[in-house]
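The next block holds one structure in the form of structure tokens; read it before the comments.
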There are 4 protein chains.
Amino acid sequence: MGSNTSFVADLLTSIAERGRTLLDRSHRVSGATRVETLAERCHTLLSGRGEASGVALAADILDRYAHMKTGESIAFFEVLAEKFGPDPESLAAAIAAYGQNGPSAVADLHRASEPRRQELFRRFNLAPGGTLSLVRMREQLMEAMVRRRDLAEVDRDFAHLFSSWFNRGFLVLKRIDWSTPANVLEKIIRYEAVHAIRDWDDLRARVDSPDRRCYAFFHPALVDEPLIFVEVALMKESPGAIFPILDPARPLLRPQDATTAVFYSISNCQKGLAGVSFGNFLIKQVLEEIARELPALTTFVTLSPVPGFRKWLDAERRAEQSVVLSAADRKALETLDTPDWAEKPELREELAAVLAPIAAYYFLAARTPKGTPVDPVARFHLGNGARLERINPMGDLSAKGLAQASGLMVNYRYTPADIEKNHEAFAGKGEIVASTQVRKLLKVDPASRALVPVT
Amino acid sequence: MGSNTSFVADLLTSIAERGRTLLDRSHRVSGATRVETLAERCHTLLSGRGEASGVALAADILDRYAHMKTGESIAFFEVLAEKFGPDPESLAAAIAAYGQNGPSAVADLHRASEPRRQELFRRFNLAPGGTLSLVRMREQLMEAMVRRRDLAEVDRDFAHLFSSWFNRGFLVLKRIDWSTPANVLEKIIRYEAVHAIRDWDDLRARVDSPDRRCYAFFHPALVDEPLIFVEVALMKESPGAIFPILDPARPLLRPQDATTAVFYSISNCQKGLAGVSFGNFLIKQVLEEIARELPALTTFVTLSPVPGFRKWLDAERRAEQSVVLSAADRKALETLDTPDWAEKPELREELAAVLAPIAAYYFLAARTPKGTPVDPVARFHLGNGARLERINPMGDLSAKGLAQASGLMVNYRYTPADIEKNHEAFAGKGEIVASTQVRKLLKVDPASRALVPVT
Amino acid sequence: MGSNTSFVADLLTSIAERGRTLLDRSHRVSGATRVETLAERCHTLLSGRGEASGVALAADILDRYAHMKTGESIAFFEVLAEKFGPDPESLAAAIAAYGQNGPSAVADLHRASEPRRQELFRRFNLAPGGTLSLVRMREQLMEAMVRRRDLAEVDRDFAHLFSSWFNRGFLVLKRIDWSTPANVLEKIIRYEAVHAIRDWDDLRARVDSPDRRCYAFFHPALVDEPLIFVEVALMKESPGAIFPILDPARPLLRPQDATTAVFYSISNCQKGLAGVSFGNFLIKQVLEEIARELPALTTFVTLSPVPGFRKWLDAERRAEQSVVLSAADRKALETLDTPDWAEKPELREELAAVLAPIAAYYFLAARTPKGTPVDPVARFHLGNGARLERINPMGDLSAKGLAQASGLMVNYRYTPADIEKNHEAFAGKGEIVASTQVRKLLKVDPASRALVPVT
Amino acid sequence: MGSNTSFVADLLTSIAERGRTLLDRSHRVSGATRVETLAERCHTLLSGRGEASGVALAADILDRYAHMKTGESIAFFEVLAEKFGPDPESLAAAIAAYGQNGPSAVADLHRASEPRRQELFRRFNLAPGGTLSLVRMREQLMEAMVRRRDLAEVDRDFAHLFSSWFNRGFLVLKRIDWSTPANVLEKIIRYEAVHAIRDWDDLRARVDSPDRRCYAFFHPALVDEPLIFVEVALMKESPGAIFPILDPARPLLRPQDATTAVFYSISNCQKGLAGVSFGNFLIKQVLEEIARELPALTTFVTLSPVPGFRKWLDAERRAEQSVVLSAADRKALETLDTPDWAEKPELREELAAVLAPIAAYYFLAARTPKGTPVDPVARFHLGNGARLERINPMGDLSAKGLAQASGLMVNYRYTPADIEKNHEAFAGKGEIVASTQVRKLLKVDPASRALVPVT
């Protein structure tokens, strides 16, 4: 195999790797030098000069980035923040032109104000596996941002780009079951954020039982990476607690006998895609899929955690004055401070009676300074057009459930015909749409016309 | 099948179509009203209010658009141009804030200057088939722009969005052959823009012969629509004319005997994606694929048309003075004005000798006012890092070939090891990289130090 | 790439091709020698000695066979017939053992009586593409059998093997549409045996119109080769003629408005699979598929040719006496002998009235010497459990339709609830299940109690 | 959804289930009655009468069979043995005809001697999932045969059928890795028969490490069921022991650095396919695949168990006289009877020296009464054309390895260029092809000219 072979070998490597050859790849250089080199290459990639070997150059940059230590990546993010914003002179000129010419100069102004990072990120994506690398890069950026709020503008560019790339129109819904490839199932185990999956047997019980369903969104450029997934239980009624759903020894239900689909866990998988909203679309499309498969279903509810409740309740209890807690409530709630109360049925029963109206107040009346409901999960489902259906004081007695919500769970209900109306009421007027059952847990204080819990 | 059935039926339609029900869908209303209604819905889709039923609303808008007459679509484009730019007040505020706070206010300025059209287009994409609808919408916009240059700013938003969505990282290369679905092959026939494909037999000869290859880029959201494709002939030498390649009666070559891969036709398929460049990436990736499959290949060339030559030559002939044409040349070129010269071998031979140095001048010395080569195909290949390899005066004697280039074709050669260097020379210094053979066709006029044709 | 490379190259070829190396592959040897060599290799393949390199040997044999001329293949079939039957001595011994030991010796007798061809054919199938080669080999055998009935026993072995291999349980039903690969569609054009497909446009009208469907059975080992396919028209009534179905200018029907699915063409694709019955299963499974897709369908009928009618009618007309033809009939039928009668509406009308009761007699009363209906298509559909629904005298006025049936077509109707009963009546009692409408076309002659046409 | 709906519902069920409706499906009837009913339906399925609803009838039979208790299935097998053999009268007639007419009557004799079970089994396969049901049925039959040798003739029919259906030409080789569906991977865990896979982590180490490969054969009708699989380790030398291969803490090797592919485990998955040989083809095709992927590989060996060694050795030790064991050997081998010897390095070393020549004798000289090597794994690999390469006395010190072979393992080597020759030597002359290294472990006793171990 003479010259032809070497020709081809040369050719194959040259195309993919040409960009690398002229430059040292020594990893013995200092971190500072490595960051500098990386920044330089980013400039080359952005310039016309990098065009012919853009794919190789992008691959080289992402590879170098992947081998950096934390301190180096942060330094690289700083460079992105400082050196890859818009060009100040062009921007000043564009502002001036806009002042003179008005609307017709807007497009140039928009372009001039675009941080060059955005084009840089788009070019990173030329590399094989570039999309996943970018998602991971933003994940690391977000970690750095905990202490470095000055990197937020870099993050805004990622967020802008990802909103465009991960547009709902490009997502693909897939059922997750026992015939799903193991490398995807493994990620379902890893990414489950609400009710942890213990092992492969637990996973199998959730995706391979006749009365369970699991669906995920995927993006074509991230084939093995679910973006978000939801787990569904088919039941004969809306559940008040999570344990019976997760119990490996539960009796199985024939799917055709189910009347209620319960969305009992929704997990976002990619931290690097924070802020790109998939959940709303996922719930609605899965609802459609399941309704088509099982026409006997009449009810679609969630069984949801209340992650803000405990913190809010503790604050109310600590406060000298509380609109919501009566003296009797305060007394009764002291039980929460005793160890192992959740294991004693009579204490659970007493507390349930006390907590229910307080929880109703939490959802219906309590507000953040911005005027929105305190609970983030409530904001999500109500914003999607669901209704707060039922309050389940002893819904999750696991350590996590007790820690974040003193055991409280709730059901949100999705009724297709009401989704738009509910959404309007919530988004337009800030109204909390709730069932009569939930609303009855409160009374209106005639003095203040405010909602107060019924105790 | 009592109430459950109707419940489910209701559910399925309600989710997908809810947005439509409250509004008349009568198509008897006037065009003006239709455009107004559409604009209104676009506003709803952009507002928070449309969130819960965004998918249905987007589908409704695209469906209404699809049924519009030309005049109505143009009116709709006007609305997009006038009513969906950035909000002037927010923009003014953002400019002011930038004046005060500098860099930290740049992100807000960029956001405030983004035409609301961009978010609107992203939301259109929620609808099933949205991406293709958007590509078609831009195609119609571009047709309208022939007379309506004021719509150009709408076009810039499409272009910006598509550059992001059709990023190389999301494209998939597929070989087109006889096992490709007919609905894709049909589009290869339809979109071939260089050497028309007569019928299915001609197609088959080009994709199903052992010494032919065809590759296309696809985007996951447009599964049946090739974006760009290239046709390749495997040969034993660089060809000087197109006819022998397309000849149905040509002898077949065993692929393993080939030494040369000839890219003889590259066609963009989607007018709506104008300005998003795929060709560069396609050529290089196909080159890699073929080199991997057939290690005996040593040469990669194009056989390319010269679409600007005839027009340029006619201008030179009409001009009273010409640097390039001598009196003898002018005389000899009169043959071009005689009918059927291309059918006479001796005339062809005479003309070839005259045209070759003129063509060399056209490529090496002639320039547009911007200083770039006159020929658009030359700009493409030289910009990609190819070298001008050979001039073939009688390369394409078809009516089209005579009309646009008096029969002239050329070969550009891609040598992997030289691509970067060639690109740098062209892009950085404006240098035309050409083979000695081509350069020898010219001499340097010692008086002017300018290139002149050797006659 | 020194010795390792050559090692691997050697390895790859050695496994697949070892069997070939020791033997001359010269094709200059005489046909007789070639047949002898082939036979010898068949013996080796059957012997234990060929085991290690069975795949290569089988490939070699099939390749040699493929390059044979017709005379040589026939000589090879002769060898198969003469030399690859069961071993006479073993068989004699097995018969003797059976005589002595009875049932317990049956298995050995069965094995001893199996022609060694069967195992040989199974071993041919080791070669890549072996299954298709075997199907083609039988096709050639069947052609040879036209003159060489002595080869029939070889054919029986093929038939036995193919019945087992092409068992319904291994077939896959696929819809054929415009997204089907071109190499499959091309075969639909080629194999259509009832109403020829003119070109790709005609094909597209049949598989890509909203009111048309096409389905085929495939076998996993013959991925690009349909085994049998059926074309279906969705209509609002049972059609009486084929022209309106094939008319390219016909109005389209929305599928959801259709009430009737018309199976208007069924074609077997592989002559080499003659005798393996697919049609019965195909019709029933397609019926299921379409009924599931379009719940509004109430009627499933064929529009079928009557390939035996013209020949039978001509015989009746030639006969001096005929039970079915009256003198008036004979007179009226003379029109059939005039040129272009089919183009004259009034002649068509007259003939239709005369032919209908004769056709009813043909189906209901005429019989082959074996007692079965004369018409092969009738035998097929009645045997499948369909009912003879309607007689359409001027159903197919194409040259082919006139030649084989004087224009006659019929509808058979498949009613799922009656299929079993109809089949029983036909298969068990020889009863022709027909609609009242068809039966009324006949009267019972009280003298003979025989069916006679009503004239 | 009025009558149309019920029509379609009726239709869909009627086609698939018609056969069931006329008959009671009560499972309260006695086992004897159930077997009788099943037998009756088998007769119907074989008769012409079952043709129209063959699919439904086959599905019904397999469903009924699946619900039978062990005793009932055995009773059913008895019925198959007694009532579904060939028809004695037809067979007698065919024998007579053969006596009279000779060869031309052979085909009829073969057909008449075919047990009707074979056609019955082919018709069972009409049912969805029929192939898998048949494989499972034979598995149960084989279990029953342990005590009921009279069922062997039923088994021969299964074996005959499966040999035809699971012909190599229909098998598909697939790589098993971490992107394989979990339901297949689960079966790899379950079916591993040589070195048990502990859990999903162990599985992942075997299929998802860069220096490991796993391949399986599949049949298109059994998509989720591997038929046989092989596990391969990529190494730098032929291994002498299994532990380092299975060690989860082993260092990883870059695949391109490997020189040796080690087949360290081959497992048949389907007991019901016993006697259909896949292993030979699997090894050779996997060898090809891996050699293509990794051209640097030069050596292909197994690391194989020696399942017959311990039993043979124990017998030799018990025997009063032994050609192979000297008195010193007997003494030294007593160590094998001491507990925990395998944990003491010095004992292992002593024993290794003693066992190696004895093992060489076991392979090279010991023979079964039939004259074949004693070891079944040796018969398999030598029959495939491999060479006995090396004896590894302390290759497998697991409980299983000690129990079956006192720790002994061996390497067989596959050298493509020698496979045919080795196979010939073994199959034709009964020669054991072994490396010099192995042969040197023995000496030839000049007195007896027999091989004796060197001690």
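Each chain gets a letter, A, B and so on, in the order the sequences are listed, and its residues count up from 1.
Atoms CG and CZ, from B:Asn167 and A:Arg122 in turn, are 8.5 Å apart once rounded to the nearest 0.5 Å.
With chain A as the partner, the residue from B:Asp108, B:Leu161, B:Leu171 showing the most heavy-atom pairs under 4.5 Å is B:Asp108. Most heavy-atom pairs under 4.5 Å with chain B: of the set A:Ser164, A:Ala58, A:Gly85, A:Ala92, this distinction falls to A:Ser164. For the set B:Ser113, B:Pro103, B:Pro88, the count of heavy-atom pairs under 4.5 angstrom toward chain A peaks at B:Ser113.
Neither the backbone nor the side chain of B:Phe124 comes within contact range of chain A, judged by heavy atoms closer than 4.5 Å. Heavy atoms of B:Gln118 lying under 4.5 Å from chain A belong exclusively to its side chain. Contacts between A:Leu126 and chain B at a heavy-atom distance below 4.5 Å involve backbone atoms as well as side-chain atoms. At a 4.5 Å heavy-atom cutoff, the contact between B:Glu153 and chain A is made by side-chain atoms alone.
No side-chain heavy atom of B:Arg156 sits under 4.5 Å from any side-chain heavy atom of A:Val106.
Annotation for A:Arg111: atom CZ does not count as buried by contact number, only 12 or fewer foreign heavy atoms lying within 6.0 Å.
Between B:Leu109 and A:Leu91, the shortest heavy-atom contact is CD2-CD1, 3.9 Å.
Checked by atom type and distance alone, the side chain of A:Trp165 never pairs as donor or acceptor with a backbone atom of B:Trp165 at under 3.5 Å.
The aromatic rings of A:His160 and B:His110 sit perpendicular, their planes meeting at an angle over 60°, well past the 30° parallel limit.
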